[in-house]
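Note sheet for the following structure.
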Amino acid sequence: MPELPEVETVRRGLEGAVVGRRIVEVKVLGRRTVRRQSPAELVTRLEGRKFATAGRRGKFLLLSLDDDAVLVVHLRMSGQLLHLSGAQRWPMAPHTHVVVALGDGTELRFVDPRTFGEWFVSSEIDGRGVPLELAHLGRDPLLEGLPTAYLAARLAGRRAGLKALLTDQRMIAGIGSIYADEICFRAKLRPDRSGGSLSAGEVTSLAKAARAVLRDAVASRGSSLRDLRYRDLDGEVGSFQERHAVYDRAGERCRRCGDHVERLKIGARAAYLCPGCQL
DNA sequence: CGCATATCCTGACTGC
DNA sequence: TGCAGTCAGGATATGC
């Protein structure tokens with residue numbers, strides 16, 4: 001759900017909301033959010049520090065601190081970061097698992113009904129500012145681009161379907177279910193096409209489509225689905241869902257060719273495609 | 001190694 | 001209207 005465009009939108013919000021602010025107090029209310037270290041250790045390492053920068057790698061948010069450690073946050077399926085001030089702080093939303101009080105009297109809160117989301121503080125940072133725990137991530141298309149040659153090398157000889165490969169974070173960091181389907185549509189390729197079956201021209205279209213879809217989705221501040229679970233730091237929804245060509249549109253007409261959008265089952269996951277447009 | 005499958009979880013939806 | 005069952009999918013572990 002929150003994928004690269006949504007996480008990038010939240011990151012931009014954090015630049016204005018928390019960068020430069022002092023962390024006055026941290027309360028960990030949920031039992032599952034902090035699991036790589038004890039909640040007490042996370043609290044100790046955050047309290048008294050200042051947020052220095054707001055970064056992102058794939059779907060991970062990276063909030064660096066003034067002692068060079070980094071607070072890593074992943075929203076997973078249902079996590080929301082909210083920046084609240086004054087009367088907005090009450091009543092506290094159900095499933096609020098972390099509350100960070102900032103020096104200016106505002107709060108950064110983490111709300112996450114399904115408790116898949118995660119917070120941890122890392123001190124093991126590589127030369128590019130990336131925590132060691134995230135070393136497995138592949139290229140981030142927004143930060144580092146997605147050259148056709150890189151994609152071609154990673155797809156060569158692969159039997160797995162395009163959707164499975166595009167959402168593999170070790171290959172490309174940041175793409176999830178929604179954008180994999182939208183990228184395949186824009187490239188006119190079926191999500192169940194095997195990676196190794198693409199011609200050079202098709203790999204070029206796929207790389208181009210990935211860059212374009214992610215760029216457009218960031219410009220639209222991400223996609224908020226029917227449950228409106230995804231919201232930015234200020235609680236605002238995104239608008240890219242209005243431009244989805246196939247995702248969650250099973251049975252509706254393709255706006256390009258008029259054919260009916262289909263929903264496939266790939267393993268346990270859904271994939272949407274237009275059979276008229278995608279080969 | 002590559003690929004498939006199961007797991008975590010709650011809320012929204014579906015069908016009776 | 002209520003209730004049981006299904007689905008949603010991020011990342012990770014495990015099995016082959």
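Proteins come first, then strands; the chains are lettered A, B, ... in the order of their sequence lines, and each starts at number 1.
- Ranked by how close their nearest DNA chain B nucleotide is to the 5' end, A:R76 and A:R158 are led by A:R158.
- No engagement by A:Y230 is indicated, since no non-hydrogen atom pair under 4.0 Å with the nucleic acid exists.
- The backbone N or O of A:V246 lies less than 3.5 Å from a partner atom in the side chain of A:E182, making a donor-acceptor pair.
- Residue A:Q169 is in sugar-phosphate contact alone, with no base atom involved, counting any heavy-atom pair closer than 4.0 Å across all strands shown.
- Among the heavy atoms of the strands lying under 4.0 Å from A:R36 are primed sugar atoms or P, OP1, OP2 only; no base atom is included.
- Protein atom CG of A:L134 is 14 Å distant from nucleotide atom C1' of C:dT12, rounded to whole Å.
- Residue contacts shown for A:K265 are limited to sugar-phosphate atoms, with no base heavy atom under 4.0 Å away.
- Geometric assessment of A:R36 against the ring of A:F120 yields a positive cation-pi assignment under the 6.0 Å and 45° thresholds.
- Rounded to an integer number of Å, the gap from CG of A:D168 to C1' of C:dA13 is 15 Å.
- Here the P atom of nucleotide C:dA11 and the CZ atom of A:R170 are 11 Å apart, to the nearest Å.
- Checking B:dC9, B:dG11, C:dT12 against the side-chain heavy atoms of A:F116 singles out B:dC9 as nearest.
- If you measure from atom CZ of A:R229 to atom P of C:dC7, you get 21 Å, rounded to the nearest angstrom.
- Regarding A:L225, its CG atom lies at a distance of 20 Å from the P atom of B:dT10, rounded to whole Å.
- Contact annotation: A:T115 side-chain N/O to B:dC9 OP1/OP2 distance is not under 4.0 Å.
- A:R159 contributes no side-chain N or O that forms a donor-acceptor pair with the base of B:dG2 under 3.5 Å.
- Judged by the 6.0 Å and 45° rule, A:R139 forms a cation-pi pair with A:Y150.
- One can place OH of A:Y247 at 7 Å from P of C:dG10, the figure rounded to the nearest angstrom.
- Put simply, A:H74 has no side-chain N or O that comes within less than 4.0 Å of OP1 or OP2 on C:dG10.
- Heavy-atom nearest nucleotides on DNA chain B were determined for A:R226 and for A:M77, and the one closer to the 5' end corresponds to A:M77.
- For the pair A:Q169 (side chain) and A:I175 (backbone), a donor-acceptor distance under 3.5 Å is present.
- Between A:H95 and B:dC9, a side-chain N or O to OP1/OP2 separation shorter than 4.0 Å is absent.
- For the pair A:D181 (side chain) and A:Y272 (backbone), a donor-acceptor distance under 3.5 Å is present.
- Separating the CZ atom of A:R35 from the C1' atom of B:dC8 is a distance of 8 Å, rounded to the nearest angstrom.
- Going from atom CZ of A:R269 over to atom C1' of B:dT5 covers 10 Å, rounded to whole Å.
- Nucleic acid contact for A:R32: sugar-phosphate only, since backbone atoms but no base atoms lie under 4.0 Å from a heavy atom of the residue.
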